[in-house]
Enquirer: 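Dropping the structure in here first, questions after.
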2 protein chains.
Amino acid sequence: MAHITTSVEYGIHCLLWLVGNDNRPVSSRDLAELQGVSPSFLAKIFPRLEKAGIVKASEGVRGGYLLARPADRISFLDVVDAIEGEKPLFDCQEVRGRCAVFGAQAPGWATAGTCAIHAVMLQAEKAMRDTLASQTLASVGERFMRKAPPAFADDVNGWISDRVSGRATRGGRPARDVPD
Amino acid sequence: MAHITTSVEYGIHCLLWLVGNDNRPVSSRDLAELQGVSPSFLAKIFPRLEKAGIVKASEGVRGGYLLARPADRISFLDVVDAIEGEKPLFDCQEVRGRCAVFGAQAPGWATAGTCAIHAVMLQAEKAMRDTLASQTLASVGERFMRKAPPAFADDVNGWISDRVSGRATRGGRPARDVPD
DNA sequence: TGAACGCAGACTAATACAGTCGGCGTTTGC
DNA sequence: GCAAACGCCGACTGTATTAGTCTGCGTTCA
């Protein structure tokens with residue numbers, strides 16, 4: 001699998017729908033159906049975002065999630081680390097200390113400091129993380145909204161409202177607009 | 001596992017031993033024992049480096065590997081791609097096209113071009129790859145040799161020569177300096 | 001000829017990831 | 001007060017990848 005996982009992808013997609021949605025919590029189930037992904041899988045991702053302080057949860061009926069801070073202060077790196085837990089790009093096996101000419105015990109100069117190869121990998125990882133840190137939910141959300149027609153945001157808000165009120169007034173029958 | 005694998009780590013460590021070793025091929029078995037890693041595992045890595053044109057192989061007794069071009073023209077990125085095959089940092093699932101408000105068929109504006117999230121990941125991947133491309137076997141090898149005492153390179157060359165000649169003159173008994 | 005090579009492919013064990021399921025505590029509407 | 005809609009947690013499954021082993025084949029050289 002790829003280093004940046006599907007969980008992160010789903011998480012960011014969901015968070016983008018929460019941008020500019022400050023007073024109405026949205027449930028992970030609704031977000032899942034809105035995007036056509038697995039509800040139970042999304043339900044595993046959101047608690048991590050909540051623990052990292054990226055979203056706020058409200059429990060009970062009509063509960064759901066809201067962004068915990070403004071979208072321009074939530075970077076892609078925040079989301080990646082929240083979901084994946086700062087997993088390293090490279091896992092140094094410290095091969096340098098095993099050189100046969102050292103015998104049983106490697107000399108100090110060989111194992112002091114960071115392995116030269118590891119240092120390059122850390123530098124590459126930093127470059128990647130710096131890029132992720134430079135992009136926020138606000139900047140990417142805005143870029144997406146410039147592509148979408150003006151009515152799109154309203155359509156989505158309407159879809160979500162329909163689902164919530166549809167459950168309340170029509171006895172739990174989901175309001176789907178996909179015929180079959 | 002980490003995105004940059006142990007195979008790459010072993011590969012780079014081996015290639016660094018081949019720097020400045022232009023006329024005497026070294027076998028993957030000797031490189032494995034020199035570094036205390038699995039010979040059969042290393043034997044799986046080298047053919048990929050050979051197919052990528054990073055090393056040249058010579059078969060038969062006294063065969064082995066040499067760098068196929070100067071060390072200052074072999075970057076870390078070359079080695080990573082040779083061994084891992086340009087695997088992407090992120091695998092976009094095209095969630096954007098599944099939005100429920102679109103119904104069965106997503107409109108063109110939604111799926112045109114690169115997904116905004118994917119674009120950020122590609123940018124991060126490029127930053128990582130640019131860093132890996134900027135580092136060569138020559139630069140890192142030199143950095144390592146500055147840490148090592150002057151006699152170290154000779155010690156290693158001696159160890160390798162002992163192993164080759166030891167096999168020839170002493171009937172295949174490996175010249176190990178680690179007692180047990 | 002045989003040992004030391006490279007090379008290819010099958011195989012195994014461990015891990016991680018995507019996804020599912022069931023149970024529990026909380027909140028709200030009827 | 002009860003049931004449905006929530007969040008949250010842990011156990012579970014299937015599949016893909018990785019690290020590592022093993023066997024067999026063709027080549028080279030003493």
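Please read all numbers here as calculations on a predicted model, not as lab measurements. Every chain is numbered from 1, with letters handed out A, B, ... down the list of sequences.
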Enquirer: Which residue lies toward the 5' end of DNA chain C, B:P47 or A:I4, if each is placed at its nearest nucleotide?
Expert: B:P47
Enquirer: Does B:E94 use its side chain to pair, donor to acceptor, with the backbone of B:C92 at less than 3.5 Å?
Expert: no
Enquirer: Take A:S75 and A:Q135, measure what side chain to side chain donor-acceptor pair (under 3.5 Å) needs, and give me the verdict at the end.
Expert: CA-CA 5 Å; A:S75 72; A:Q135 300 289 326; over 6 Å; no
Enquirer: Tell me which pairs pass side-chain hydrogen bond (donor to acceptor under 3.5 Å, both in side chains) where either residue lies in residues 47-59 of chain B, with sequence neighbours left out.
Expert: none
Enquirer: Hey, are A:E33 and A:R29 close enough for a salt bridge, meaning a charged N less than 4.0 Å from a carboxylate O?
Expert: no
Enquirer: Please round to 10 degrees the angle between the axis of the first five pairs and the axis of the last five pairs in the helix from C:dT1-D:dA30 to C:dC30-D:dG1.
Expert: 10°
Enquirer: Taking the side chain as everything from C-beta on, heavy atoms only, tell me whether B:M121 gets closer than 4.5 Å to A:T131.
Expert: no
Enquirer: For B:K126, what residues pass the salt bridge (charged side-chain N to carboxylate O under 4.0 Å, His left out) criterion, not counting sequence neighbours?
Expert: B:D130
Enquirer: How close or far is atom P of C:dA18 from atom CD of A:E9, stated in whole angstroms?
Expert: 10 Å
Enquirer: Choosing from C:dG6, D:dC6, D:dG7, which nucleotide comes nearest the side chain of A:A57?
Expert: D:dG7
Enquirer: For the residue pair A:F102 and B:F152, is the inter-centroid distance of their aromatic rings smaller than 6.0 Å?
Expert: yes
Enquirer: Report each atom pair, protein N/O against N/O of nucleotides 28-30 of chain D, whose distance is under 3.5 angstrom.
Expert:
residue : atom : partner : partner atom : Å
D:dT28  : O2   : B:V61   : N            : 3.2

Enquirer: Are any protein N/O atoms closer than 3.5 Å to N/O atoms in nucleotides 14-18 of chain D? If there are, list each pair with its distance.
Expert:
residue : atom : partner : partner atom : Å
D:dT18  : OP1  : B:K87   : NZ           : 2.9

Enquirer: From CZ of B:F46 over to C1' of C:dC5, roughly how many Å is that when rounded to an integer?
Expert: 13 Å
Enquirer: What N/O pairs connect the protein and nucleotides 22-24 of chain D at under 3.5 Å? Give each pair on its own line.
Expert:
none

Enquirer: Aromatic contact between B:H118 and B:F90, with the criterion being ring centroids under 6.0 Å apart: yes or no?
Expert: yes
Enquirer: Using a cut-off of 4.0 Å on non-hydrogen atoms, how would the nucleic acid contact of A:K56 be classed: base, sugar-phosphate, or nothing?
Expert: nothing
Enquirer: Taking atom P of C:dA4 as reference, at what distance in whole Å does atom CG of B:D30 sit?
Expert: 11 Å
Enquirer: Between B:D78 and B:R69, does any side-chain N to carboxylate O distance fall below 4.0 Å?
Expert: yes
Enquirer: Atom CZ of B:R48 to atom C1' of C:dG9: distance rounded to whole Å?
Expert: 13 Å
Enquirer: Using whole Å, what does the distance between atom C1' of nucleotide D:dG7 and atom CD1 of A:I45 come to?
Expert: 15 Å
Enquirer: Would you mind telling me which residue lines up with the more 5' stretch of DNA chain D, A:V26 or B:F41, judged by nearest nucleotide?
Expert: A:V26
Enquirer: If hydrophobic clusters are built by linking Ile, Leu, Val, Met, Phe, Trp and Tyr wherever their side-chain heavy atoms come under 4.5 Å apart, do B:L122 and A:I12 end up in the same one?
Expert: no
Enquirer: Can any side-chain N or O of A:R96 pair as donor or acceptor with the backbone N or O of A:T111 at less than 3.5 Å?
Expert: yes
Enquirer: Does a nitrogen or oxygen in the side chain of B:Y65 sit under 4.0 Å from OP1 or OP2 of C:dC7?
Expert: yes
